Amino acid sequence: RDRLEIIRPEASEEDGTDSLASVVRRGLMHAPKFMPCRFLYDAIGSELFERICSLPEYYPTRTEDAILRDWAAEMVVGWAEATTMIELGSGSSTKTRRLIEAALQEYGRLHYVPIDVSEIILEQSARALIQAYPRLSVTGVVADYDTALRAIAGRFPGPKLVVFLGSSLGNFDDEDAVGLLRNLSETIGPEDRLLVGLDLIKDAAVLEAAYDDAEGITAQFGKNLLRRINRELGADFDLDRFGYRARFEAARHRVEIHLVSLRDQVVTIPGAEMVASFAEGETIHIENSHKYTPELIRELASRSGFIEEESWTDPGNLFRVQRWRP
Ligand code: AVJ
């Protein structure tokens, strides 16, 4: 039990982790309407995301997992003894087990610091991990990335491996991605390394199917945002009056995800003290998932103050994991 600790740092003002109500107000009064995608991950959303990860169309999870399976041992060696592994957006930590096992094999013990906004998933997976690995200790951090990084700054001396898998960075616009990575490059020392998993640009049909599967699970995941606003803010969104759309926008190298109003309608949102009107065809932009080329990745690394050290990809060149140093 003392190998497990969960901390819940308070977001500070400048982290901008606003309440659902204020975000809904800002996002739905804005033209065009939008919502930040972190609100997709309540308990139901996190469960739906886990289901997405095993859909036949959603290749990123299993492809990255295969890369980790084949190369984890190489990923965790080569610089210093990684005593601490920090993971941004750990989710259920399934893929990370490859890295945890490789690090335990190499160094005999490891302190793992998963960071996630979903408390339930974080706690469950942390418990499962300490049960599975006697030489592992865990500090789970329930917070958004910036809050978490601030809270753990200086707390774990010694070489660190920061892992950012599953193309989670892909949710950030280029500017924000650079901001977060710069933040990170200031938190970590010259001995530390960053492991990033990014999805590669490919055929638009393949990308779009991955974000709009035949079973409709991804559409449910997106529309769950409305269900969440109904539940938490007492709103009256009718989920059947909204459609779901995922399109690859090549010029912005990202899949853009929208909920589409299927008719003119008015929605009341008491908890945000507002009424939102939608025209037929009007959308709420709920997510972006950026896709990369090796050139875009190199550019991202250098703009963020990192140097590319190594990269690993799958035989089909669908996905790429890279190790960067400050
Ligand atoms: C969690 C950001 C990696 O962009 O592929 C999957 C989220 N959204 N299907 C992605 C997501 C719809 C996912 N990331």
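For clarity, every value in this text was computed on a predicted model and none was experimentally measured. Note that ligands are numbered from 1 as they come in the structure, with each ligand's atoms numbered from 1 the same way.
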Would you mind telling me if ligand 1 is within reach of the side chain of Val255, the backbone, both or neither, using heavy atoms under 4.0 Å?
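Looking at Val255 and ligand 1, no heavy atom falls under 4.0 Å.
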Would [X] and [Y] count as a close aromatic pair, with their ring centres under 6.0 Å?
X	Y	value
Phe319	Tyr59	no
Tyr211	Tyr244	no
His290	Phe172	no
Phe242	Phe278	yes

Min side-chain heavy-atom separation Thr96-Tyr112 under 4.5 Å:
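Contact flag for Thr96/Tyr112 side chains = yes.
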What about Lys291: any of its N or O atoms under 3.5 Å from an N or O on ligand 1?
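Among all N and O atoms of Lys291, none is under 3.5 Å from an N or O of ligand 1.
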Hey, does Ser289 come in under 3.5 Å of ligand 1, counting only N/O atoms on both sides?
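Looking only at distances, the answer is yes, because the N/O contact criterion of under 3.5 Å is met.
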Quick one: do the Asp314 and Thr63 side chains pair a donor with an acceptor below 3.5 Å?
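Checked: Asp314/Thr63 side chains show no N/O donor-acceptor pair below 3.5 Å.
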Hey, are Gln322 and Trp312 close enough side-chain-wise for a donor-acceptor pair under 3.5 Å?
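No.
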Considering the heavy atoms of [X], write down every atom of ligand 1 situated less than 4.0 Å from one of them.
X	value
Ser167	2 (C), 3 (C)
Thr218	9 (N), 12 (C)
Phe49	1 (C), 6 (C), 7 (C), 11 (C), 13 (C)

How long is the straight-line distance from OG1 of Thr61 back to NZ of Lys95, given to the nearest 0.5 Å?
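It is 5.0 Å, given to the nearest 0.5 Å.
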Just verifying a value: how many Å separate Leu259 CG and Lys33 NZ, rounded to the nearest 0.5 Å?
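Separation between the atoms: 12.5 Å.
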Answer with yes or no whether [X] contacts ligand 1, where contact means a heavy atom under 4.0 Å from a ligand atom.
X	result
Gly170	no
Pro60	no
Tyr41	yes

Per atom 8 (N) of ligand 1, closest listed option by heavy atom (Arg254, Glu57, Glu64, Glu287)
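Shortest heavy-atom distance from atom 8 (N) of ligand 1: Glu287.
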Which residue holds the protein heavy atom closest to [atom], what is that atom called, and what is the gap in Å?
atom	result
atom 2 (C) of ligand 1	Asn171 OD1, 3.0 Å
atom 3 (C) of ligand 1	Gly166 O, 2.7 Å
atom 13 (C) of ligand 1	Tyr58 OH, 3.4 Å

